[in-house]
Trainee: 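This is the structure I want to talk about, given as structure tokens.
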Amino acid sequence: MKSIKRDLLKVAEAKQLPIMVLCYSYCYFETLAFSKYINKANRKLAAGASLMLAKKFLSCNICILSELTEILRVSSRDIISEEFKVLAALKLSLHYPQSAIVPHYKRLMGMPIDH
């Protein structure tokens, strides 16, 4: 899971995505992992789809598909087809409470995390 998150961070840095996009994608990916949607075969696709959904949900108009395919080493067609499956697995719920987002934000900003 850490290596996948590192890959998403590489994409975000390469495309200068807002940090909140990355935070939301981490939340989506973790939700999928906790719900046992993620497996070895689909983990990269689910991570890519999570970042794409977060970007769209937060109205970020930066094209990231080419970086996702390059860094995650998956096809763009597969990421796009995985998007709806991930959205369904998230039960169409893309809004997360601040309490779910803040720990990711603090970790990415190098701030101490309150427990």
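Values below: all heavy atoms of this structure, side chains included; hydrogens, waters and symmetry mates excluded.
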Trainee: Please give me the minimum heavy-atom distance between Ser50 and Val86, naming the atom from each residue.
Mentor: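 Reported closest heavy-atom pair: OG-CG1, 4.2 Å.
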Trainee: What verdict does the salt bridge (Lys or Arg N to Asp or Glu O under 4.0 Å) test give for Glu67 and Lys10, after you've listed the backbone C-alpha separation in whole Å, the side-chain angles of each residue and the deciding distance to 0.1 Å?
Mentor: CA-CA 9 Å; Glu67 279 74 16; Lys10 286 178 191 174; over 6 Å; no
Trainee: Find out whether Ser25 and Leu53 are in side-chain contact, i.e. whether some heavy atom of one side chain is under 4.5 Å from a heavy atom of the other.
Mentor: no
Trainee: If you measure from OH on Tyr105 to CD on Gln98, what distance do you get to the nearest 0.5 Å?
Mentor: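 CD of Gln98 is found 11.0 Å from OH of Tyr105.
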Trainee: Find out whether Ile64 and Met52 are in side-chain contact, i.e. whether some heavy atom of one side chain is under 4.5 Å from a heavy atom of the other.
Mentor: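 Of all side-chain heavy-atom pairs linking Met52 with Ile64, at least one is under 4.5 Å.
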Trainee: Report yes if some heavy atom in the side chain of Leu87 is under 4.5 Å from a heavy atom in the side chain of Leu94; otherwise report no.
Mentor: yes
Trainee: Could you tell me if the side chain of Asn42 sits less than 4.5 Å from the side chain of Tyr37, heavy atoms only?
Mentor: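 Yes, side chains in contact.
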Trainee: Which is it for Leu65 and Ile80 under the side chain to side chain contact (heavy atoms under 4.5 Å, CB included) test, yes or no, and what are the steps along the way?
Mentor: CA-CA 9 Å; Leu65 198 53; Ile80 291 168; 3.7 Å; yes
Trainee: For Thr31 and Tyr96, does a side-chain donor sit closer than 3.5 Å to a side-chain acceptor?
Mentor: yes
Trainee: Do Leu22 and Leu8 have side chains that approach each other closer than 4.5 Å (heavy atoms only, starting at C-beta)?
Mentor: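 Counting from C-beta outward, Leu22 and Leu8 do come under 4.5 Å.
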Trainee: With Asn61, which residues qualify under side chain to side chain contact (heavy atoms under 4.5 Å, CB included), at least two apart?
Mentor: none
Trainee: Taking the side chain as every heavy atom from C-beta outward, state whether Leu68 and Asp7 have any pair of such atoms under 4.5 Å apart.
Mentor: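 Not touching, per the 4.5 Å side-chain cut-off.
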Trainee: Do Lys5's NZ or CZ and the ring of Tyr26 fall within the cation-pi criteria of under 6.0 Å and 45°?
Mentor: yes
